[in-house]
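Let me begin by presenting the structure, written as structure tokens, before commenting on it.
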Amino acid sequence: MKRCLTCGATYPSSERACNACGAHPATIDGLEAHAPDLSQDGGGFKANYFPELAVLEQANFWFRARNELIAWAAKKYAPDLQSFLEIGCGTGYVLSRIAKDFPSAQIYGSEIFSAGLPFAMKRLPSARFMQMDARQIPFNDEFDAIGAFDVLEHIHEDLDVLAQTRLALKADGVLLLTVPQHRWLWSAADVHACHVRRYTAEELHRKLKATGFDIKLSTSFVSFLLPAMWASRTRQAKAPEELSAGAELEIPDVLNQIFYQIMRLESGFIRMGVKFPAGGSRLIVAQKSKQRAMQNR
Ligand SMILES: [Zn+2]
């Protein structure tokens, strides 16, 4: 069901306006806008990256391999999902994979920046898109699974996002997360990407438990390529003027293919149950905790 951001009442998802106070979301370019004041400049990302991203994602090893890993985790941990929300869906690259793998599911995408949504809508005409602030998610008990892929590190109030995500999930609902990790990898690339932090596993586990999640899977990835990543970041430190949105990802075709195969090999190990202690990113699957749900009622 929907939760009114004005008065807090809940009402059926099929209805546009709150039953209790009559408030309803604004509309931007025909889409529901739950945080219209932030749609142009919500912080945490630069909206002019979207066109660049949309081109980059299709071919780049990192986006391709991450997509396959996310799709595997969704199938393993939420095999029966009928509703899926992606927070910060950007250009819809991940969402289109989820939609392909779960053809009967209702797919929702949200983005704080209206600028990303036309790309996503073009990719995925059957999904429902909305403009939304992840710190105020206008749903209660609505989704079987929610994903936020390289989103949390852009938001200062990550605990608020996790707490709101938990409210929006159905009982036993599953949260899929990817984040950049290791503070020692922090570099100009993070600043350029508007990250507010790189996570440690301990920090993210603690925050998930504090907001009522049980962790089902937690592993590093981009582990085999960590030395290459570290080398790239060291090089950037020497020539920061060469940075672009995808500085680290714009690499020669041959290298792109090799890196993709290396990440596929690594994914094979993760699928077999190997958990890597170090890697450029972390994948987490967490489930809405029953314990907390009962306390809240
Ligand atoms: Zn209301």
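One-based numbering, in listed order, for ligands and for the atoms of each. Only a predicted model underlies this, so the values are computations on that prediction, with no experimental measurement involved.
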Pair up each side-chain donor or acceptor in residues 82-89 with any protein partner under 3.5 Å, not counting sequence neighbours, and list the distances.
residue : atom : partner : partner atom : Å
Ser83   : OG   : Glu142  : O            : 3.4
Ser83   : OG   : Asp144  : N            : 3.0
Ser83   : OG   : Asp144  : OD2          : 3.4
Glu86   : OE1  : Leu95   : N            : 3.4

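- Excluding waters, the set of protein N, O or S atoms lying under 2.8 Å from the Zn ion (ligand 1) comprises Cys4 SG, Cys7 SG, Cys18 SG, Cys21 SG.
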Pairs under 3.5 angstrom only: tabulate donor-acceptor contacts from the side chains of residues 267-276 to other protein residues two or more places apart or in another chain.
residue : atom : partner : partner atom : Å
Ser267  : OG   : Met263  : O            : 3.1

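- In this structure, the side chains of Asp150 and Trp62 come closer than 4.5 Å at one or more pairs of heavy atoms.
- If you run side-chain hydrogen bond (donor to acceptor under 3.5 Å, both in side chains) between Ser220 and each of Gln181, Glu266, His182, only Gln181 comes through.
- Every residue two or more places apart in sequence or in another chain was checked for a side chain to side chain contact (heavy atoms under 4.5 Å, CB included) with Ala59, and none qualifies.
- Cation-pi check for Arg64 over Tyr260 is met; the charged atom lies under 6.0 angstrom from the ring centroid and within 45 degrees of its normal.
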